[in-house]
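Here is the structure we will look at.
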Amino acid sequence: DMANMPQEFRDRVDRLEKKFAVSTVIYKKFEPIFLEIFKNPAEDPPKVPRSRKQRRIPCTPTDVFKFCWTLFVQVKGVFPAIGDDLVNSYHLLLCCVDYFYSNALMSVRRDLLSHTFSGLPENFNQKDFHPPEECPCILSLLITRHEGIQVEAMGIKEHWWKPHIKKLFSKGELRGRADNL
C-alpha cells in the first residue's frame, strides 16, 4: 500500500522517520549529559500527596529532565532545518542543557545541580554563594566534553535558540523571566 501512495506522502513519511531516528540518537546522548550536570532523577524522593492549600513543591531533577527534553523537542520541531539534521539537533540540545544549567545556577538550586559537576563555581556549595550578575554559559565546556563544534553551537544558540525562547516568553507560553525560569 505504501508503494502505491503519492510521492509527497512517501516523502513525508521518510522525513518523519529521519526525525525520529535523529531524536532517538540525541536522547541517548542527552541522558549522560544531563546526569553529569544535574542530580540523578532516579534518586528523587517519592512525591507526597498535598492538599490544595499547601505551597507548591519546587521542581525536582525528574521535572527538570522532562521539561528540558520537552522544550528541546518543541524547539527542534519548529525549525525544519534542524529537525532531521543530527549535528544541528545535537548542538540545539547542548544549548538547551546550557540554558537549564544557567537557570538552576542563577536560582541557586543546589537541590537540582550535581555537586560533582566541575562546571560549578567554586563556592556554589557554600552558604554565602551569590549568583553571578550575568547568566553563566557552559556551552564551551559541553562542546569540549561531548564532542561538539564551537562555531556551530554558538550560531545555533544566537540565531535559533535565544530568539525562539524570547518568542515563547513574549507569547506567554513560558512564564517568568527569560534569564531565570
Side-chain angles (χ1 to χ4, degrees), residues 1-2 5-42 44 58-107 109 112-113 135-143 145-181:
D1 287 343
M2 284 291 288
M5 295 303 249
Q7 185 62 37
E8 180 184 339
F9 181 78
R10 288 191 306 238
D11 291 344
R12 282 187 175 187
V13 170
D14 285 343
R15 273 185 269 138
L16 196 60
E17 286 176 344
K18 287 178 186 175
K19 286 180 182 182
F20 181 75
V22 166
S23 294
T24 302
V25 170
I26 296 296
Y27 187 78
K28 288 178 183 174
K29 295 210 173 259
F30 172 59
E31 287 181 294
I33 293 170
F34 184 89
L35 292 175
E36 177 185 351
I37 299 168
F38 295 93
K39 289 187 176 175
N40 189 343
D44 281 355
C59 64
T60 63
T62 299
D63 298 329
V64 174
F65 183 85
K66 290 176 182 177
F67 185 45
C68 186
W69 180 253
T70 302
L71 185 61
F72 162 73
V73 170
Q74 190 276 337
V75 174
K76 182 173 98 70
V78 170
F79 302 114
I82 291 179
D84 60 355
D85 183 292
L86 185 60
V87 174
N88 285 336
S89 291
Y90 182 61
H91 290 118
L92 183 68
L93 174 74
L94 294 179
C95 293
C96 187
V97 171
D98 171 61
Y99 184 70
F100 276 78
Y101 165 80
S102 297
N103 279 278
L105 185 74
M106 295 297 285
S107 300
R109 293 294 308 270
L112 296 177
L113 294 168
C135 275
C137 178
I138 59 164
L139 197 53
S140 295
L141 178 64
L142 293 174
I143 290 165
R145 287 195 179 163
H146 300 284
E147 302 174 0
I149 303 168
Q150 183 81 25
V151 174
E152 295 280 331
M154 293 308 221
I156 290 206
K157 182 177 182 178
E158 291 301 317
H159 301 291
W160 301 76
W161 178 259
K162 282 183 176 180
H164 189 68
I165 293 299
K166 288 178 184 175
K167 185 176 169 184
L168 291 174
F169 275 103
S170 69
K171 290 168 73 178
E173 293 177 22
L174 286 177
R175 288 181 234 138
R177 295 184 354 231
D179 65 335
N180 185 353
L181 288 173

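Just so it is clear, the values below take in all heavy atoms, side chains as well, and ignore hydrogens, waters and symmetry mates.
Judged by distance alone, with hydrogens and angles left aside, the side-chain atoms of S102 form a donor-acceptor pair with the main-chain N or O of P136 at under 3.5 Å. Checking side-chain atoms of S89 against main-chain N and O of L86 turns up no donor-acceptor pair under 3.5 Å. Listed for the D63 side chain is a donor-acceptor partner under 3.5 Å among the backbone atoms of T60.
Annotation: the span from Q150 atom CD to H91 atom NE2 amounts to 9.0 Å, rounded to 0.5 Å. How far CD1 of I165 is from CH2 of W160: 14.5 Å, rounded to the nearest 0.5 Å. Rounded to the nearest 0.5 Å, atoms OH (Y90) and CD1 (I156) are 12.5 Å apart. A distance of 14.0 Å separates NZ in K166 from CG in L174, rounded to the nearest 0.5 Å. From I33, atom CD1 reaches atom CZ of F30 across 8.5 Å, with rounding to the nearest 0.5 Å. We find the CE-CG distance between M154 and L94 to be 11.0 Å, quoted to the nearest 0.5 Å.
Considering only heavy atoms from C-beta on, V75 stays 4.5 Å or farther from I82 through its side chain. With a 4.5 Å cut-off on side-chain heavy atoms, L168 and Q74 count as touching.
What you find for N88 and E152 is that their closest heavy atoms are OD1-OE1, 3.6 Å. Across C59 and V64, no two heavy atoms sit closer than the pair SG-CG2, 3.9 Å. For the residue pair C68 and C96, the shortest heavy atom distance occurs at O-SG, 3.4 Å. Shortest non-hydrogen contact noted between P61 and F34 is O-CZ, 3.6 Å. A153 and L139 get closest at one heavy-atom pair: O-CD2, 4.0 Å.
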Could you check M5 against R12 for side-chain contact (heavy atoms from CB on, under 4.5 Å), going step by step and ending with a plain yes or no? CA-CA 11 Å; M5 295 303 249; R12 282 187 175 187; over 6 Å; no
Would L113 and I37 count as a side-chain contact (heavy atoms from CB on, under 4.5 Å) here? Give the steps. CA-CA 6 Å; L113 294 168; I37 299 168; 4.1 Å; yes
Could you walk me through whether F72 and V97 satisfy the side-chain contact (heavy atoms from CB on, under 4.5 Å) test, starting with their C-alpha distance in whole Å, then the side-chain angles of each, then the deciding distance to 0.1 Å, before giving a yes or no? CA-CA 9 Å; F72 162 73; V97 171; over 6 Å; no
Carefully, step by step, assess L105 and I138 under the rule side-chain contact (heavy atoms from CB on, under 4.5 Å). CA-CA 11 Å; L105 185 74; I138 59 164; over 6 Å; no
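The number of heavy atoms from other shown groups lying within 6.0 Å of CD (E147) does not exceed 12. More than 12 heavy-atom neighbours from other residues, nucleotides or ligands sit within 6.0 angstrom of CD on Q7. The environment of CZ in R145 is crowded: more than 12 heavy-atom neighbours from other residues, nucleotides or ligands sit within 6.0 Å.
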For residues 15-29, run the donor-acceptor check on the side chains, cut-off 3.5 Å, and write out each pair with its distance to 0.1 Å, sequence neighbours left out.
from : atom 1 : to  : atom 2 : distance (Å)
S23  : OG     : K19 : O      : 3.1
S23  : OG     : K76 : NZ     : 3.1
T24  : OG1    : F20 : O      : 2.9

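W161 pairs with exactly one of Y99, F79, F100 by the ring pair (Phe, Tyr, Trp, His ring centres under 6.0 Å) rule, that one being Y99.
Residues satisfying the salt bridge (Lys or Arg N to Asp or Glu O under 4.0 Å) criterion with K157, sequence neighbours excluded, are D98.
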